[in-house]
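In what follows, a single structure is set out as structure tokens and then discussed.
For the numbers below, each heavy atom of this structure counts, side chains included, while hydrogens, waters and symmetry mates do not. In this text the structure is predicted, and so the values were computed from the model without any measurement.
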Amino acid sequence: LKTGYNRLGYERGNKTMDNSTTSSQVLSAIVIIGNELPTAKSALFGRVVLLEYSKGTTHDPFSDNEKEAFENLMKLADEGLGNIVVEIFKHREFIEANYPKEYRRTSRILKSLLEQKSISVDQRTLGNNACILAVYELLNNKLDFHIEREKLYMTTVENIKKQKDSQSRASETALFWNSFSNGIREKKLIEETDFKVSRLEKNEIYIQYGRAYDVYAKYCRETGVARKLDQVTMLSLLKSSNAFINQNKDNRDSVKKWFTNLGKSINAYAFDLDLLHIDLDEANSDETMVTNQSNSNQESIGNMFSTTNNN
């Protein structure tokens, strides 16, 4: 699947005596359908545009109008959907001539909208979604997509945030922070000795990594985690996460000191508490989580579109 993302197929050997192989080529976009998230490898999760569906359950049933629309779609499918493909292919030359420029423009719009929402994403995630939006932008005046431009962009931004949250909860670092919360709950990690919470300019947590890693390693053994990361690898992942706060401008090693009531100096790594999936209310009843308030004076999407078009 990871190589298929780059349109690279694969070869497999045939069970014959002539050492022949069969190639599986990738000639289109790939749609993966399943009941589980592709979280086994973060590299795979970053290559997909994730769409989660909850409609049709007892908690979110289909309406009568939705059921009727589905039945109409099935009737159309029985008659054949080739006419839709033919209608789209009429614009192939137009897409080929204008797509690269439109893709770059759409990427800038989407990136600006994500920045307004304080959502940081990697270039691959940005590109995955921009390549779809670029086709919409090119054909919106030629085909009827039945969705407003601003609503489509907002839906895309919300879906990117949802996928990013899902990836964070499923990652290797999420297991570390789960063990950290469990360590606080079981009094294996003590505040002001093993970690400290600061709520001054923003909500930060400072941890003694050595102690936290020992708790993580024991947590993996007790819960039967098959793949426990070594201490250096885990620290590298933690320092590359969005929650990590780099204290040094020269980007060497980021540590921050705090002083306990015993007067002892302790070096600690700093993290943005609001970006971590840690429920300190549950882990430590004496702590109160502060909800990070988002910036309310963001520009409207309409203004963003008009600004981008003018530029």
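A pairwise comparison of heavy atoms in Y136 and E148 identifies OH-C, 3.7 Å as the closest pair. When every heavy atom of K228 is checked against every heavy atom of A217, the shortest pair comes out as CD-CA, 3.7 Å. The heavy-atom pair separating L238 from F271 by the smallest distance is O-CE2, 3.7 Å.
Salt bridge absent: K117 and E158 never bring a charged side-chain N and a carboxylate O closer than 4.0 Å.
The aromatic rings of Y269 and F244 are tilted relative to each other, their planes meeting at an angle between 30° and 60°.
Summarising the local packing, CG of L81 is surrounded by more than 12 heavy atoms from other residues, nucleotides or ligands at distances under 6.0 Å. Counting non-hydrogen atoms of other residues, nucleotides and ligands closer than 6.0 Å to CD of E222 gives a total above 12. Environment of CG in D64: sparse, with no more than 12 heavy atoms of neighbouring residues, nucleotides or ligands closer than 6.0 Å. By the 6.0 Å contact criterion, CD on E96 is enclosed, its count of non-hydrogen atoms from other residues, nucleotides or ligands being greater than 12. Open room surrounds CZ on F70; 12 or fewer heavy atoms of other groups in view lie less than 6.0 Å from it.
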Derivation of the ring pair (Phe, Tyr, Trp, His ring centres under 6.0 Å) call for Y213 and Y216: CA-CA 5 Å; Y213 181 83; Y216 158 77; 5.4 Å; yes
So R105 and E102, salt bridge (charged side-chain N to carboxylate O under 4.0 Å, His left out) or not? Walk me through it. CA-CA 5 Å; R105 190 184 76 90; E102 184 58 43; 2.9 Å; yes
I'd like to know whether F180 forms a ring pair (Phe, Tyr, Trp, His ring centres under 6.0 Å) with F195, so could you lay out the CA-CA distance, the side-chain angles of the two residues, the decisive distance to 0.1 Å, and finally the verdict. CA-CA 10 Å; F180 189 86; F195 71 96; 5.6 Å; yes
In sequence, state the C-alpha distance, the side-chain angles, and the governing distance for K188 and D214, and then conclude on side chain to side chain contact (heavy atoms under 4.5 Å, CB included). CA-CA 10 Å; K188 296 176 181 177; D214 290 342; over 6 Å; no
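Scanning for side-chain hydrogen bond (donor to acceptor under 3.5 Å, both in side chains) contacts around N14 gives S20, T22, with sequence neighbours left out.
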